[in-house]
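So that the names make sense, note that chain A is the first sequence line, chain B the second, and so on, each numbered from 1.
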Number of protein chains: 2
Amino acid sequence: MSDLLERLRGRGWRMTAQRRVVAEVLDGEHVHLTADEVHSRAVARLPEISRATVYNTLGELVSLGEVLEVATDKRAKRYDPNAHRPHHHLVCAQCGAIRDVHPTGNPLADLPDSERFGFTVSDVEVTYRGTCPNCAAA
Amino acid sequence: MSDLLERLRGRGWRMTAQRRVVAEVLDGEHVHLTADEVHSRAVARLPEISRATVYNTLGELVSLGEVLEVATDKRAKRYDPNAHRPHHHLVCAQCGAIRDVHPTGNPLADLPDSERFGFTVSDVEVTYRGTCPNCAAA
DNA sequence: GCTTGACTTAGACATTGTCTATTGTAGGAT
DNA sequence: ATCCTACAATAGACAATGTCTAAGTCAAGC
């Protein structure tokens, strides 16, 4: 994670207490947090940090490719710090729990040219849905 | 689409002007509309229909499995009337245009048991991202 | 043609995200 | 070490999307 801070500094990021805290929150936690959850945790460490700053910082991290936005079908976007290891997601349809998964195969290769409609396809996102053990037991 | 209305009546749906209009809007259009777009088009045919009714009706159609919710990473959920033919989506990262696509292969088979964490996996959603011809030209 | 419970309505409310004008500050220049 | 300045942070208004409630309306069975 100091890796992360180093990389950011290397890219000309001005280092501020707020940005450091946001980066630390993302790094310390392996669940995928919503922007609001990031804000709550950031406030715990730096009470005067504002919502706008958290949103701005998350947006910058996404632009820089250090963090991924994940749109499960829940309401809020989630932020995934695991941007450098490609992976997909498994989501519990009932409680919303998320796990990172690594399917075999390459879905990009499964989309024939005839199905690309002239698009330049750069990325695939695979979301598996199901029921987690906890919810199945209930 | 009268198919759809038949099926719904068969399931004990009370048929109202509002519900008919929502079903017609979804059926007549092959783009994936947001709830708000559905509302706008419904209002054009039935000016006094309320937003809440459109949301309720869409939610009911989703529960009944007649329509799918699609969460691209845009802000609003989109509603996909094509629920009975399995397909995935190709999204333009710039303008948000969506196409239905039919990749080969079966992503469900690509998720080994060891990567399922005890979940009962029932569904996969694949979203390809890229740049559409229009945006590439610009 | 009644009755009744499901449906619809308007609009308040909730959640998530964005923008703006102002104030603060990191980091280079002196 | 101090000063400058552009970039960053702040509070809070605003916007977009979605949910809920209380009261009125109507489809469908009798």
Side-chain angles (χ1 to χ4, degrees), chain A residues 5-6 8-26 32-64 66-80 96, chain B residues 5-6 8-26 32-64 66-80 96:
Chain A
L5 294 180
E6 279 315 309
L8 295 174
R9 204 189 304 270
R11 297 206 207 184
W13 236 40
R14 179 182 287 185
M15 191 49 54
T16 66
Q18 291 82 353
R19 287 174 166 185
R20 189 159 26 239
V21 165
V22 169
E24 283 171 7
V25 166
L26 282 175
H32 301 340
L33 300 167
T34 64
D36 226 48
E37 287 163 349
V38 173
H39 180 236
S40 304
R41 295 183 188 213
V43 163
R45 301 182 185 210
L46 188 67
E48 66 276 23
I49 194 171
S50 78
R51 246 163 34 94
T53 296
V54 171
Y55 278 99
N56 287 341
T57 304
L58 288 171
E60 286 158 13
L61 287 169
V62 170
S63 302
L64 292 172
E66 296 289 347
V67 164
L68 293 177
E69 271 180 1
V70 178
T72 72
D73 66 349
K74 299 303 260 184
R75 296 256 233 78
K77 288 183 210 159
R78 292 176 174 275
Y79 292 88
D80 185 344
Chain B
L5 293 180
E6 279 315 310
L8 295 174
R9 203 189 304 269
R11 298 205 207 185
W13 238 38
R14 181 182 286 184
M15 191 49 55
T16 67
Q18 291 84 350
R19 286 174 166 183
R20 189 161 24 240
V21 166
V22 169
E24 284 170 7
V25 167
L26 281 176
H32 302 340
L33 300 167
T34 63
D36 226 48
E37 287 163 348
V38 173
H39 180 236
S40 304
R41 295 184 188 213
V43 163
R45 301 183 184 210
L46 188 67
E48 66 277 23
I49 193 172
S50 78
R51 247 162 34 94
T53 297
V54 171
Y55 276 97
N56 288 341
T57 304
L58 288 172
E60 286 157 13
L61 287 168
V62 170
S63 301
L64 292 172
E66 296 291 347
V67 165
L68 293 178
E69 271 180 2
V70 178
T72 72
D73 65 351
K74 298 305 258 185
R75 297 258 231 78
K77 288 184 211 158
R78 291 174 175 276
Y79 291 88
D80 185 343

TODO: State whether B/Gln18 places a side-chain N or O below 4.0 Å from either non-bridging phosphate oxygen (OP1 or OP2) of C/dT9.
DONE: yes

Open item on the list: Is there a side-chain contact between A/Tyr55 and the phosphate of C/dG17, meaning an N or O under 4.0 Å from OP1 or OP2?
Closed with: yes

Task: Gap between atoms CG and C1', on A/Asn56 and C/dT18 respectively (whole Å) - done: 9 Å

Task: Minimum-distance nucleotide (side-chain atoms of B/Arg14 versus C/dT9, D/dG18, D/dC26) - done: D/dC26

Task: 5'-most by nearest nucleotide on DNA chain D - A/Arg19 or B/Ala35 - done: A/Arg19

TODO: Among B/Leu58, B/Leu46, B/Asn56, find the residue that satisfies the side-chain contact (heavy atoms from CB on, under 4.5 Å) test when tested with B/Val22.
DONE: B/Leu58

Task: Within residues 33-45 of chain B or reaching into it, pairs that qualify as salt bridge (Lys or Arg N to Asp or Glu O under 4.0 Å) - sequence neighbours excluded - done: B/Glu24-B/Arg45, B/Glu29-B/Arg41, B/Glu37-B/Arg78

Task: Phosphate OP1/OP2 of C/dT8: any B/Thr16 side-chain N/O under 4.0 Å - done: yes

Task: B/Arg9 side-chain proximity, nearest of D/dA28, C/dT9, D/dA9 - done: D/dA28

Task: Short N-O contact, A/Arg11 and A/Glu60, less than 4.0 angstrom - done: no

Task: Given D/dC20, D/dG12, D/dG18, the nucleotide with the shortest approach to the side chain of A/Ala52 - done: D/dG12

Task: Between P of D/dT19 and CG of B/Asp36, the distance in whole Å - done: 13 Å

Open item on the list: Nearest whole Å is fine: how far is D/dT19 C1' from B/Leu58 CG?
Closed with: 14 Å

Open item on the list: Can you list everything that forms a side chain to side chain contact (heavy atoms under 4.5 Å, CB included) with B/Ser40? Sequence neighbours excluded, please.
Closed with: none

TODO: Kindly say whether, by distance alone, the side chain of B/Arg51 makes a donor-acceptor pair under 3.5 Å with the base of D/dG18?
DONE: yes

- [ ] May I have the distance from A/Arg11 (atom CZ) to C/dA26 (atom P), rounded to whole angstrom?
- [x] 22 Å

- [ ] Give one of base, sugar-phosphate or nothing for A/Thr53, where a contact means two heavy atoms less than 4.0 Å apart.
- [x] base

Task: Which residue lies more 5' along DNA chain D, comparing A/Ala17 with B/Met15 via nearest heavy atoms - done: A/Ala17

